[in-house]
Amino acid sequence: MVTSHSPGNTDIAPDVPSVPHDLLDQCAREPIRIPGGIQPHGAVAVLRPEDLVVIQASANLGAILDRPVAFDGSQTLGDLVGPRTALENDVRLWADGNDTTFLEQYQIDGRTFHVSGQRTSQGLILEFEAFDETERGRSTSLYQLLRDFLDNSDGLKTVADLSAGVAAEVQTLTGFNRVLIYRFDEDWNGTVIAEKGDGTLPSYLDLRFPASDIPAQARELYRTNRLRLIPTATYRPEPLIPALCPTDGAPLDMSFVALRSVSPVHLEYMRNMGTAASLSISIVIDGQLWGLISCHHAQPRHVGPQIRAACDFLGRIVAQQIAARERAAEIDERLQLKNIETELVAHLARAPGFQAGLVDCASQWLALTNSAGAAVVTDGIVLAAGKAPPIDSILALVEWLRTRNVDQIYATSTLSADWPPGKDIAGVASGVIAIPISRLHASFILWFRPEVVQTVRWGGDPRAAKATDTAGRLHPRLSFEAWKQEVRERAQPWRSAELLSAADFRGAIINFVLQRAEERAQLTEELQRSNKELEAFSYSISHDLRAPFRHIAGYAELLGEEEPNLKALSRHYLDGIIAAALSAGELVDDLLHFSQLGRTNLKMSRIDMTKVMAEIRRSLAITEGQRPVEWEIGVLPPAWGDTTLVRQALFNLVDNALKYSRDATPPRIKVWGQDRPDEVLYCVEDNGVGFDMNYAGKLFQVFQRLHRQEDFEGTGIGLALTKRIIDRHGGTLEAKGAVGQGAAFSFTLPKRQTGGNRGHA
C-alpha cells in the first residue's frame with residue numbers, strides 16, 4: 001500500500017506509479033528510430049556505397065552547404081562538394097573499406113564542417129555540421145580540463161562524490177544552466193543523485209522520475225547512441241527527400257544519427273519543464289544503461305562537435321570509474337560475507353545437524369545476507385532466528401515457492417507483489433531470499449527483511465505522466481512540482497554481493513548435506529552389519545540359556561518334592577530359586593523371539609482380526625481367572641500381514657492393558673478398528689495407571705519400563721517386540737496416555753498393494 005501526499009490532498013497510488021497500458025503501447029509504437037526528419041542545425045546525405053550517388057538527403061542540405069542539391073538521384077558526392085576534394089577521396093576510401101563509422105573536419109568553400117558517417121544496409125549516411133570557429137581555440141583548454149578532472153577523480157572515493165564532480169565538470173565544459181546525474185533503479189525509475197546549477201533553473205536534486213518519462217525504446221537508443229544534443233526545443237524538423245529510402249523503400253533508420261529529430265512528445269516535455277535546450281550523455285556500464293548526464297538550459301544553446309566529443313569522452317571515463325568503484329565495493333563486501341560464510345560452515349561441520357547449527361550461529365546466519373530474520377524448513381519443521389514471520393506463514397511461503405519450481409534462488413524486495421499473502425507479513429518479510437536445499441522435498445533456507453517505510457519525492461505527480469488529446473495525440477505531463485509519496489511493503493533491495501553470498505552458501509549446504517548423507521549411509525551399513533551380528537549373538541545366547549534355566553527350575557521342584565520336611569526358610573529359598581529361574585526363562589524366551597523377528601520371512605495373508613481378538617480373549621481368560629473386566633470390542637476390519645506376528649502384537653497390547661488396569665474398579669478394555677484408504681488402524685484403550693507423555697519415547701525400547709517391576713511384572717520386552725513386528729509390516733505404532741487416566745496404544749498396517757506388498761520389506 002502506498003499513500004501519496006500533495007498539498008491539501010491525500011491519495012492512494014501503486015508502489016511504482018504507472019501509466020495506462022494504452023498510453024504505454026502508444027509510446028512503444030512511436031517511430032523514434034525513423035522520424036523521417038532531422039534537427040536543422042546540420043544536414044544529412046545518404047549515399048549509394050558503390051558510386052557515392054546521393055539517393056536521399058535532408059531538405060536543408062543545400063542551405064547548410066550553400067550548394068545546389070538535386071533530389072532526383074542524379075548527383076554524386078563529388079558533384080555536391082567538388083570532385084577530387086579531400087572529402088570525396090576520404091569518403092570513397094571509407095566506402096571501399098570495413099570501418100562502420102567516419103569522422104573528420106573538412107573545408108568546403110572556405111567553411112569548416114564537421115563530417116561524420118554511419119555505414120548502414122540502406123547506404124552511407126553522412127552528417128554535416130558547420131564548425132563553430134570559437135571552439136577552435138578551446139582545444140588546449142578542453143584537454144587541460146579533462147586532464148585535471150582525471151587527476152582529481154582519484155580522490156573522489158564514492159559514486160556520489162564522483163557524480164558531483166562530473167556534474168560540475170560538464171557544466172564548465174558546456175555552459176548549461178543545470179547539469180544532473182540521473183541514475184536508474186531496477187524498475188527504470190530515475191533519481192537525480194548529483195546536480196550542478198547556476199540558479200537559473202529549479203533544483204531537481206534527490207527527485208525521482210518515473211520510468212514512463214523515458215520509455216524502453218528511448219532507453220535502448222540512449223544505450224547504443226551515447227550522446228544527443230537538442231539546441232532548441234522549438235525547432236521545426238527538416239524532412240528527408242524522398243521520404244522513403246530508395247534502397248529498400250523503407251523509412252531511413254537513423255538510430256545512430258546525431259542529428260536525428262526527436263519525438264514531438266519529448267520536445268513538449270522539455271518545454272513543459274522550462275528547458276529550451278538539452279544535452280544527454282549516457283553512462284553505460286557493462287553494456288547496460290546505468291544513468292544519464294542530463295544538461296538543461298533555459299534558452300536555446302548549441303554545443304559544437306569538439307565540446308560534445310569531450311563530453312562523450314568524459315561520459316565513457318566516468319562510466320569506467322563508477323564501474324570500478326562499484327566493483328571494488330562489491331568485492332570488499334563479497335570478501336566480508338565470504339569470511340562470515342567460512343566461519344558459519346566451519347561451525348556447521350561440528351554441529352550434529354546443519355539446522356540446529358544455523359540457529360546456534362544466528363548472528364552469522366543473518367549477517368550472511370545482512371538480514372533481520374531467517375528460517376530453515378526441512379520435512380515440514382521450521383527453525384527460525386531473528387525477526388521472522390509466524391511458522392504458518394513460513395510454511396505457506398515455502399509451499400508457494402515449491403509450486404514455482406524454484407531451483408536456484410528466489411529474491412525480491414516486494415514479496416506482496418509476487419505473493420499477495422505476503423502483505424500480512426510485510427512488517428518482517430517484505431524482502432525475501434530463498435534457496436532450495438533439496439530437489440525432492442520442500443526444503444528451503446530463507447532470509448527476511450522488513451519493509452522500509454519511506455517518503456519518495458517525485459519530480460511531479462507520476463500518475464499524470466502522459467495523456468492524450470481529443471485527436472488521440474500523446475502529450476507529456478505538465479507539472480514537475482515536487483510530489484511526495486509514502487512507499488510501503490518494500491524492503492531495502494538486495495545487493496548483488498548478498499545474492500551471490502546466498503547462492504554460494506546454498507552450494508556449501510548442499511555439499512554438507514550430501515557429505516552427511518554419505519556418512520549416514522556408511523553408518524547405516526555398519527549398524528546393519530552390527531545388528532545382524534547382535535541378532536545372531538542374541539539368538540545363540542538365548543537358545544543356549546533356555547535349557548539351563550529349565551533345568552534349574554525342574555531340579556528345584558524335584559528337590560522340594562524329595563525333601564518334604566525342609567525348614568520353612570529353606571522352602572522359601574527354594575521357591576525363590578524356582579521363581580527366578582522361571583522368570584529368567586521367560587526373559588530368554590522373549591529375547592529369542594525378539595531376535596528371531598529380524599531373521600524370519602513374513603508369511604503374508606489376509607487376517608480375520610475379529611477371530612484373532614476372540615482367540616486372545618480366550619487365552620487371557622485362562623490366566624486372568626474370574627477378574628471382572630468390562631470389554632468393549634468394536635468392529636475390527638481384516639488386515640494383511642503375518643498372522644502369527646500380528647496376533648502376537650495385538651496380544652501384547654491387550655495383555656498390557658489388562659496388567660496396568662487391574663487396580664481399576666472395574667478394569668475397562670476397549671478394542672476397535674478403522675478402515676482407511678491405504679491402511680487399517682487398530683487401537684487398544686484402558687483405564688489403568690497410564691503414563692507421563694514426556695517419557696513416551698522410552699516405551700518401545702528394550703528393557704525400558706515406566707513403572708516399578710515390583711508393582712507390575714514383565715520382562716520389559718513386550719512393547720519393543722510389538723513395535724518391531726509393526727515396523728516389519730511397514731506400519732506405525734503410537735501411544736497416548738496420562739498418569740492415572742489410562743492409556744491408548746494404536747497401530748496401523750498397510751493394505752495389500754497391487755503388484756507387490758510393503759510387508760515383504
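Atom set for the values below is all heavy atoms of this structure, side chains included, hydrogens, waters and symmetry mates excluded.
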Using a distance-only test with no angle check, is there a side-chain donor-acceptor pair under 3.5 angstrom linking N339 and T342?
no
Going from OG1 on T414 to CD on E451, what distance comes out if it is rounded to the nearest 0.5 angstrom?
12.0 Å
Is there a donor in the side chain of S496 and an acceptor in the side chain of E330, or the other way round, less than 3.5 Å apart?
yes
Is a donor from one side chain sitting under 3.5 angstrom from an acceptor on the other, for Y235 and S261?
yes
If we count only N and O atoms by modelled type, under 3.5 Å, do the side chains of E326 and W290 hold a donor and an acceptor together?
yes
From the list L150, L156, V159, side chain to side chain contact (heavy atoms under 4.5 Å, CB included) partner of Q321 resolves to L150
Classify the ring geometry between F184 and Y182 as parallel (under 30°), tilted (30 to 60°) or perpendicular (over 60°).
perpendicular
Sole residue of L221, I32, T120 in side chain to side chain contact (heavy atoms under 4.5 Å, CB included) with S255:
L221
At what distance, to the nearest 0.5 angstrom, does CG of L337 lie from CG of N370?
6.0 Å
Would you call E127 and R260 a salt bridge, taking side-chain N to carboxylate O under 4.0 Å as the test?
no
Min side-chain heavy-atom separation V318-F149 under 4.5 Å:
yes
Taking 4.0 angstrom as the limit, do D418 and K423 come out as a salt bridge?
no
Below 6.0 angstrom between ring centroids: does that apply to Y204 and F209?
yes
Hey, would you say the H297 and F176 ring centroids sit under 6.0 Å apart?
yes
Which of I230, I307, L227 passes side chain to side chain contact (heavy atoms under 4.5 Å, CB included) with L279? Answer is L227
Determine whether the aromatic ring centres of Y410 and W400 lie less than 6.0 Å apart.
yes
Would H296 and S294 count as a side-chain hydrogen bond (donor to acceptor under 3.5 Å, both in side chains) here? Give the steps.
CA-CA 7 Å; H296 301 142; S294 189; 3.1 Å; yes
For S203 and E195, which I'm curious about, is there any donor-acceptor pair between the side chains at under 3.5 Å?
yes
